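Predicted model, so just to flag it, every value in this text is computed and none were measured. Lettering follows sequence order; numbering is per chain, from 1.
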Amino acid sequence: MPELPEVETIKNELSPAIVGQSFTQVDILDTKLVSGGSPERVRRGLIGQKIERLERRGKYLIFCLSNDRSLIIHLRMTGVLLLNPADIDRYARAVFALSNGQRFVFRDRRRLGVIWLVGDAASVVGKLGPEPLDKRFTAHVLGQRLGRHHIPIKAALLDQSIVAGVGNMYADEALFAARIHPLAKADELSSEEVRALHNRIRKVLRAAIDGKGASVDSYIRPEGELGTAHFSFKVAHRGGEPCPVCGGTVERVVVQNRGTYFCPRCQPLRRKHVRPRGK
DNA sequence: CTTGGGACCTGGCTGC
DNA sequence: TGCAGCCAGGTCCCAA
């Protein structure tokens, strides 16, 4: 499941091979891959264009082209970008060949991924909330944005317009580390809880980038290696296992139709407007 | 306006 | 052994 750390890893590992190269051939094998335009228009729009740089915004990967247009890729659930794979299997949805003889393949078992070719990247990523690893993302900014929503904090973290890039796994990990119950209301967190959550979101994401992403389900890196971030998960996808902090049992509940893992003992549901004693 | 729930998609798992 | 049925979750869309 590519979230911010996985997309960041793909960006970092793909960049050296493709930045500065031009598209020489583009084969879009699945017509449903392209959003808002025909595959043929995308193919013609890409060929001859140079990739000036590769950027990430939230979970979106942005190829900035020499004509100032952008190829934008969202991998959704099972999408991966493979550099020079040995074979093009039945899950390949597009093949991009470059002027240095390399090629990269968009492979996507569940076919939920999407690509765009646009003049204005903001038309695709413009509604995203702040980048959680950006200096400008402060605890104050997080608190302000959460304060506008009377929804479970887990749902708020999954809302890309509140904070960009956090998905199901890292939302659970950040809430566990901040000791906040996933059903606590976003606008009812104390300032201490907001500060803890802000801090833990950033720590969890940075650690996962250091681990080159989490290889649960189908995520693999461009050259085929696995990430290791999932080995550090404390609650995500660990329902029924002992909590590594208190030894209690990690529980699974459904929040916003998403499997949500947490430790009821470490993350008690505080009654609203009741502040913890002490401090 | 906000919030919640279903659709999309298919491999893999469960249970009969 | 075969297979129906369900689950996984990022995002869009629609309804209340």
With a non-hydrogen cut-off below 4.0 angstrom, is [X] in contact with a base, only sugar-phosphate, or nothing?
X: A:Arg111; value: sugar-phosphate
X: A:Arg76; value: base
X: A:Leu112; value: base
X: A:Arg90; value: sugar-phosphate
X: A:Gln160; value: sugar-phosphate

Which of these, A:Leu117, A:Leu33, A:Ile47, sits in a side chain to side chain contact (heavy atoms under 4.5 Å, CB included) with A:Val42?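 Passing option: A:Leu117.
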Strictly by side-chain hydrogen bond (donor to acceptor under 3.5 Å, both in side chains), give each pair with a member in residues 100-109 of chain A just once, sequence neighbours left out. A:Thr78-A:Asp108, A:Asn84-A:Gln102, A:Asp89-A:Arg107, A:Arg93-A:Asp108, A:Arg109-A:Asp217
Atom [atom1] of [X] and atom [atom2] of [N]: how far apart are they, to the nearest Å?
X: A:Met77; N: B:dG12; atom1: CE; atom2: C1'; result: 13 Å
X: A:Arg258; N: C:dG10; atom1: CZ; atom2: P; result: 6 Å
X: A:Leu146; N: B:dT2; atom1: CG; atom2: C1'; result: 16 Å
X: A:Leu4; N: C:dG9; atom1: CG; atom2: C1'; result: 17 Å
X: A:Asp159; N: B:dT2; atom1: CG; atom2: P; result: 10 Å
X: A:Asp30; N: B:dC8; atom1: CG; atom2: C1'; result: 13 Å
X: A:Ile162; N: C:dT11; atom1: CD1; atom2: P; result: 13 Å
X: A:His237; N: C:dC7; atom1: NE2; atom2: P; result: 15 Å

Nearest-neighbour nucleotide for the [X] side chain, [options] considered:
X: A:Arg109; options: B:dG11, B:dG6, C:dG10; answer: B:dG11
X: A:Tyr60; options: C:dT11, B:dG11, C:dG10; answer: C:dT11
X: A:Ile151; options: B:dT3, B:dA7, B:dG11; answer: B:dT3
X: A:Asn168; options: B:dG11, C:dG9, B:dT3; answer: C:dG9
X: A:Pro152; options: C:dT11, B:dG4, B:dG6; answer: B:dG4

Centroid-centroid distance, A:Phe104 to A:Phe63, less than 6.0 Å: yes
With ring centroids as reference points, do A:Phe106 and A:Tyr91 lie under 6.0 angstrom apart? no
Under a plain distance cut-off of 3.5 Å, with no hydrogens placed, do [Y] and [X] share a side-chain donor-acceptor pair?
X: A:Asn168; Y: A:Lys154; answer: yes
X: A:Tyr170; Y: A:Glu6; answer: yes
X: A:Gln21; Y: A:Ser99; answer: yes

Could you give me the stems involving DNA chain B, meaning stretches of three or more consecutive Watson-Crick or G-U wobble pairs whose two defining distances are both below 3.5 Å?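 Stem segments, range with range: B:2-16 with C:2-16.
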Distance-only donor-acceptor test, A:Arg110 side-chain atoms vs C:dT11 base atoms, 3.5 Å: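 By the distance-only test, no, there is no pair.
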Check whether any side-chain N or O of [X] sits under 4.0 Å from OP1 or OP2 of [N], and answer yes or no.
X: A:His149; N: B:dT3; value: yes
X: A:Lys127; N: C:dC12; value: no
X: A:His74; N: C:dT11; value: yes

Do the non-hydrogen side-chain atoms of A:Val7 and A:Thr9 ever get within less than 4.5 Å of each other? no
